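First the structure, in the form of structure tokens, and then the observations on it.
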Amino acid sequence: MPEGHTVHRVAVLFRDVFVGHPVEASSPQGRFRDGAELISGQVMSDAWAVGKQLFVSWSGGMVLRVHLGIYGAWSVAGDTSESSIGAPRTRREEGFRRAAEDSFPPEPIGQVRLRLLSDAVVADLRGPTACELLTPDEASDLMATLGPDPLVGKPAKNKARFVEKFQASSTPIGVALMNQKMVSGIGNVYRAELLFRHRLDPWQPAKSLTQEQLEDLWDDWTVLLKQGVKTGVMVTRGDLTPAGRRKALRSSSWRHYVYKRTGSPCLACGTPIAMAEMATRKLYYCPQCQDATPPTGG
DNA sequence: TCACAATGAACAA
DNA sequence: TGTTCCTTGTGAC
């Protein structure tokens with residue numbers, strides 16, 4: 001689902017199946033008709049992700065930017081093992097892939113903003129919060145506003161930039177982690193899980209963390225992101241046996257320490273997991289392990 | 001049939 | 001701080 005790992009996965013897929021090939025673009029839904037016409041028939045030059053943003057460059061020089069938001073997703077069919085990347089669309093994905101086996105390309109299902117179609121693969125985009133064409137300069141400007149992404153650029157430089165930004169911010173760490181200008185790709189699941197994994201109080205100012213704590217946090221984010229890109233699933237528990245990990249890949253109830261576990265016993269100490277609003281999103285945490293209490297007593 | 005939530009963020013005031 | 005947008009699935013009626 002759409003945190004940073006998702007978008008990197010889409011970029012990998014596109015590089016694998018589309019880059020170097022002419023691609024037909026269309027907007028079955030109609031809301032991106034003009035943009036689709038501008039790039040249709042061009043060769044996809046490159047595809048890459050920075051945090052939650054996907055960039056796709058074309059032989060004509062334009063750059064497509066896609067942001068999935070909370071419920072955007074790509075449905076994929078044809079000559080690829082991928083089926084769906086993004087928010088859950090399970091039922092529809094199955095129908096889509098079956099339809100593609102009968103006749104290629106299959107009819108679009110639902111509100112398809114953008115369809116990308118090559119000889120062998122079709123990718124349908126539904127529900128994005130952003131889908132637009134940019135000039136290369138506009139794309140560069142946008143990328144420059146984003147915080148470091150562990151999979152973009154040089155590791156040492158990224159880490160230093162992360163530490164520097166957080167040491168300069170008095171924002172609560174639980175808010176800062178969700179700010180894409182501070183660090184790229186972390187969403188509501190990774191936020192809660194990273195904070196728990198490091199036993200951090202979400203309301204503690206970012207700058208109050210030690211250099212070592214910040215470096216550990218960055219290293220851990222790097223590990224989680226790489227795992228997420230590899231498997232397509234956010235498994236954030238580090239206490240699972242190999243069998244437990246396999247279960248977690250299939251069932252969401254095994255994946256997380258605290259996310260969506262309100263009232264259930266903490267897997268480390270047994271204290272009921274708590275939930276509070278933070279940065280307009282639901283934050284899940286262990287009051288005991290993270291020594292955390294919402295400031296206004298909510 | 002309807003309200004609502006969901007892994008997000010821009011924008012107005 | 002509150003509102004709006006994007007799409008789909010679920011669960012309450």
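Each chain gets a letter, A, B and so on, in the order its sequence line appears, and its residues count up from 1. Source: prediction; values computed, not measured. These numbers come from the heavy atoms of this one structure, side chains and all, not from hydrogens, waters or symmetry mates.
- Checked against A:T236 for a side-chain hydrogen bond (donor to acceptor under 3.5 Å, both in side chains), the options A:R255, A:R197, A:Q227, A:H256 give a single hit: A:H256.
- Neither OP1 nor OP2 of C:dC5 sits under 4.0 Å from any side-chain N or O of A:R31.
- For A:F196, the ring pair (Phe, Tyr, Trp, His ring centres under 6.0 Å) partners are A:Y257, not counting sequence neighbours.
- Within the structure, a side-chain polar atom (N or O) of A:R113 is placed less than 4.0 Å from OP1 or OP2 of C:dT7.
- OP1 and OP2 of B:dT7 both lie 4.0 Å or more from every side-chain N or O belonging to A:K52.
- Across C:dC5 and B:dA13, the matching P atoms stand 14 Å from one another, rounded to whole Å.
- With sequence neighbours left out, the side-chain contact (heavy atoms from CB on, under 4.5 Å) criterion links A:R15 to A:A11, A:V12, A:V19, A:D46, A:A47, A:W48.
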Q: Kindly express the pairing pattern of DNA chain B in dot-bracket notation, using | wherever a base pairs with another strand and counting only Watson-Crick or G-U pairs under 3.5 Å.
A: ||||||.|||||.
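- B:dA10 sits 23 Å from C:dT8 when the P atoms are compared, rounded to a whole Å.
- One can place CG of A:L68 at 12 Å from C1' of C:dT7, the figure rounded to the nearest angstrom.
- Taking only side-chain nitrogens and oxygens, A:H67 never comes nearer than 4.0 Å to OP1 or OP2 of B:dG8.
- With sequence neighbours excluded, the residues satisfying side-chain contact (heavy atoms from CB on, under 4.5 Å) with A:S251 are A:S253, A:W254.
- For B:dA5, neither phosphate oxygen OP1 nor OP2 lies less than 4.0 angstrom from any side-chain nitrogen or oxygen of A:K260.
- The hydrophobic cluster analysis finds A:V112 isolated: no Ile, Leu, Val, Met, Phe, Trp or Tyr side chain comes under 4.5 Å of it, directly or through other members.
- The shortest distance between the side-chain N/O atoms of A:Q29 and the OP1/OP2 oxygens of C:dT7 is below 4.0 Å.
- Taking A:N158 as the reference, nothing meets the side chain to side chain donor-acceptor pair (under 3.5 Å) condition, with sequence neighbours excluded.
- One P atom belongs to C:dG11, the other to B:dT7, and the distance between them is 16 Å to the nearest Å.
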Produce the list of close N/O pairs, under 3.5 Å, pairing protein atoms with atoms of nucleotides 11-13 of chain B; give distances to one decimal.
none

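- Counting any heavy atom pair closer than 4.0 Å across all strands shown, A:K181 reaches no nucleic acid atom.
- For B:dG8, neither phosphate oxygen OP1 nor OP2 lies less than 4.0 angstrom from any side-chain nitrogen or oxygen of A:Q180.
- Remark: the backbone N or O of A:Y259 is paired with a side-chain donor or acceptor of A:E193 at under 3.5 angstrom.
- For A:L177 and B:dA9, the CG to P distance is 13 Å, given to the nearest whole Å.
- C:dT4 and B:dC4 have their P atoms separated by 15 Å, given to the nearest Å.
- Phosphate contact (OP1/OP2 of B:dT7, side-chain N/O of A:Y190, threshold under 4.0 Å): absent.
- The aromatic ring centroids of A:F18 and A:W58 lie 6.0 Å or more from each other.
- Going from atom CG of A:L146 over to atom C1' of B:dG8 covers 13 Å, rounded to whole Å.
- The hydrophobic cluster around A:M178 extends to none of the other residues, as no ILVMFWY side-chain heavy atom falls under 4.5 Å of it.
- Look at CG on A:L54: it is 16 Å from P on B:dG8, rounded to the nearest Å.
- Remark: A:R9 engages A:E82, A:I85 in a side-chain contact (heavy atoms from CB on, under 4.5 Å) (not counting sequence neighbours).
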